[in-house]
Every structure is written in C-alpha cells, then in structure tokens.
Amino acid sequence: MNRFVSQCLLLFICSAAGFFVPGCSKKETPVVFAVGGAPAEIDFWQTTVKTFEERSGIAVEVLRQPTDTDQRRQNLVTALRASRPTPDLFLMDVAWIAQFAASGWLEPLAPFLENSPLSRNDFFEPVIRTAATYNGTLLALPVYVDAGLLYYRKDLLETYGFSNPPELWDELVAMAHTIIDRESRKGNELTGFVWQGAQYEGLVCTFLEFAGSNGGGLVLSGSSPIVATERNRQALAFMHDVVHREKISPVNTGIDMKEEEVRRAFQRGSAIFERNWPYAYTLHEAEDSPVKGKTGIAALPRFREGTSVSTLGGWHIGLSRFSRHKTRAFSLIVRLLSFEVQKASALEVGWNPGRIDVYRDPTIMEHLPHLLTLRDVFAHAVSRPNVPWYSYLSNVLQRRLNAALTGSMPVDEALNKCEEELRVIVEQYSMRK
Ligand code: GLC
C-alpha cells in the first residue's frame, strides 16, 4: 500500500470512529474571528491567534475585513441580519455597539465572565458603563481605547525655532507656512497638515474635534439636534480653508484621506503635522520608518475660544448571538484580553489597552511614556451619540460635511441641510422608543 493510500485509510478509520487519536484528530469547525484595520494590526491578530491555537488546541480562522470602519460594519451587518453563525467573534467600533446591541446580535457576556479569569473590573469603568453595557447588560469588552492626537515633526519644528508644538490652530497654520516655505527653498516639497477628511466615519470624528475645540459640537437634545451654530460654522470653514485657502493640507483631503493614507503621508516624511489615532505612533517609530525618532505627540490644537478636544474611539470585542461555538469563542476572548496580549498590543501596535493593569507595567511606561502624558486627552475625549441609529446620523454628517470641505456646497448651507436632515432622523427614531 503506498503512503498516500495508507494515510487516507487511517484518516477514514479515525473519523469513522469519531474519537480523538493524537495525530489524527477529527477536524473541529474553527472559531471565526473577524478583524480589520491597518496591515500591521491584522498581522498582530494573526500571530496572537496562532499562539492561542497552539496552546489551546482550538482552531481559529481570522476573517480579514477592510480598514474603513463603515465597510467593516456593513460587512458584519450583512452576516448578522441573516442570522449567520459566523463570524463567531468580531471587533466593533465603539460607534456601532448600540446598533448591534439593540438589534439583538450580541451574546450577553456576564455568564461567561463568572467562570473565567476575566472580570469587568479589569477594564476602565466608564468605558464598560457607557460603551460596553446596553440596557444594563454587558455585551462587549474593550480591546483598546482611541482618541485623536496631533503628531508633529520634532526635528523640523526645532530647526525653525519652534520649541513647542502648536496649541492653537492658527499657530499650526503659521508654523506650517514657515516650514513649508523654508524647506521648499532647499528643494524639499512638504505638505503642512494631513488629517482624515474623506467621506466616511473618520470625517465625523475630525469634525467633532475641530468643532469641539471651538466650543461647538453636535447636540442631540429631545428631537431637535443642533449643529448649525456659529461655532461649528467657523470650525467647518477652517477645515475647508486649510485645504483650499491656506493650502497647507493636500488638495485630496476630502477625497482620499483616511487613517492609513494620512499615516503613510506623514511616515514618508512628506508632512509636518498629522491628526491620527494612537496606533500610528509605533509605526512611525518602526526601524524602517523615515520619521523614526523625529515624531512628537501632543494634544490636538484648539481655537482661541475653546479647549483641546479629541473624539473618543476604540474597538470592543463581541460574541455573536448566532455563534454555534460560544464557549470556545469566549476562551479566545479570555486570551485576547489577557494581560500578556493586551501588553503586547500596546508595545507592538501602539494601542491603548482596555485593561487598566497594563498602564502600571514598567515596560509600558518606559516604551510608551506618552500614554501617561496623554492621560488628559483621554479624560476629556468627546463621545459620539450612543444611539442605535447613529449610523443614519453619521451618514448625513459624512455627506454634508464632506460637501463643504470639498467646496461643492457653501459651509452655511451644508450645516443647515445637515440640521434639517438630522432632525428628520431624530424625530423618526425618538418617536419609536
Ligand atoms: C478609529 C476609531 C473609531 C473611529 C474610526 C473612524 O478606528 O477607533 O472609533 O470610528 O477610527 O475612522
């Protein structure tokens, strides 16, 4: 009998017998875990999952999703609406947990926690209370917390005599002009400020920061949302002007600029300032990065009348209600939220872990001192409205803000239209309660 035939025979006997024989186990259906993000983030999940498989003997399939949060949400919504049993586990943007919770797609986690080494006290209490719990039921656990930050080229600021990063938006514009001008005389073409302006969720986040740092923002009170205010108008006009009038931001800001486009521009060394989430830091500091050792981090600037504001972001893990392998899937959650993996995620991909004990770790403090420096940024971050129909609001904001940013609609008109359309949504959904 040749080797192939004998192996097939052995496999047949094992699977017919239906019991475990070392070296010829019956293949279990893998736990499917959906993740997205930057390539380095997906690599991190893949290595982490591999170690888990080796240690636990539980098979896992990593389902790769796009980088853009809206596309990731859409992808999952399609599977969950159809009650599909996979993915068993997925990461959820803090902006869409309420929708998933209200739709009944998430398995309550408290019963699983009871017999596990994890406890809700391991995580930031306000995050658990405001984002992970819906109607009193714990439905998600935080993997990492995000807040918008300002990255800047320490070396360039220093060369041109700026001892500190800008505190005001006007200062950022002035510094950018000086540096761009002087560097261009040396034949070095730079752009001033890269940030997320494409028509997607990231634009809502950046708008809330510009507006918030001018004392504005989005107010949802009763059924009358308020967005068309003078402070928001000034903030949106500023967003338009940095691209089209000051020309310190790339002309394609409103078309192409999402997290990774922004990060790559800064990392190539072609931008002076960047607005991004914390994950960009470790990538900028990587061995082969042209900006290694040259990247500074600060709180985002503000307008004269306002204070610095960051949008609160972050990703949680959820277990599908339709999963057929909930216990096995939960053991993967336990591993992913262990101290060891959370610490590795901070060091390797620069996330701000959801677990509190990681922040007390000496290695973390040594390698990522900005996590402590920026504690205030996290303490004052603004949340997006935590309502199940947030994606409808976001859709309106994305379209109208982007129209103003690209100049296809005047700022006033865009904000007025925004307010009208938001009102229709808020009225419709608050009546359904
Ligand atoms: C980051 C944030 C998330 C936000 C998204 C916008 O992934 O963590 O909360 O919605 O960026 O692009």
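First listed ligand is number 1; within each ligand, the first listed atom is number 1.
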Margin query: Against Trp315, only a single residue in Trp277, Trp96, Trp45, Phe90 fulfils ring-ring contact (aromatic ring centres under 6.0 Å, His included); can you say which?
Written below: Trp96
Notebook entry, point to check: Would you call Glu340 and Arg55 a salt bridge, using N to O less than 4.0 angstrom?
Noted result: yes
Margin query: For ligand 1 and Trp315, I'd like to know whether there is a polar contact (N/O to N/O, distance under 3.5 Å).
Written below: yes
Next item on the list: Looking only at distances, please establish whether an N/O atom of ligand 1 is found under 3.5 Å from an N/O atom of Ala95.
Entry: no
Note to self: Strictly below 4.0 Å, N to O, side chains only: are Lys326 and Asp88 in salt-bridge contact?
What the structure shows: no
Next item on the list: Quick one: look up the protein heavy atom nearest atom 10 (O) of ligand 1 and list residue, atom name and how far away it is.
Entry: Asp93 OD2, 2.4 Å
Item checked: Parallel, tilted or perpendicular: rings of Trp169 and Phe210 (30°, 60°) -> tilted
Next item on the list: May I ask you to check if ligand 1 and Glu259 share an N or O to N or O distance below 3.5 Å?
Entry: yes
Item checked: Glu158/Arg153 ion pair, N-O < 4.0 Å -> no
Note to self: To check your reading of the model: name the closest protein heavy atom to atom 8 (O) of ligand 1, its residue, and the distance in Å.
What the structure shows: Asp146 OD2, 2.5 Å
Check: Is there a nitrogen or oxygen of Trp277 sitting under 3.5 Å from a nitrogen or oxygen of ligand 1?
Finding: yes
Check: Does Tyr200 come within less than 4.0 angstrom of ligand 1, counting non-hydrogen atoms of the residue?
Finding: yes
Check: Just checking, is any N or O donor in the side chain of Glu41 or Trp351 under 3.5 Å from an acceptor N or O on the other one?
Finding: yes
Next item on the list: Indicate yes or no: does Glu261 engage Lys258 in a salt bridge with an N to O separation below 4.0 Å.
Entry: no
Notebook entry, point to check: By number and element, which atoms of ligand 1 are closer than 4.0 Å to a non-hydrogen atom of Gly202?
Noted result: 6 (C), 12 (O)
Check: Of all the heavy atoms in Arg384, does at least one lie under 4.0 Å from an atom in ligand 1?
Finding: yes
Notebook entry, point to check: Should you measure from each heavy atom of Gly313, which atoms of ligand 1 turn up under 4.0 Å away?
Noted result: 8 (O), 9 (O)
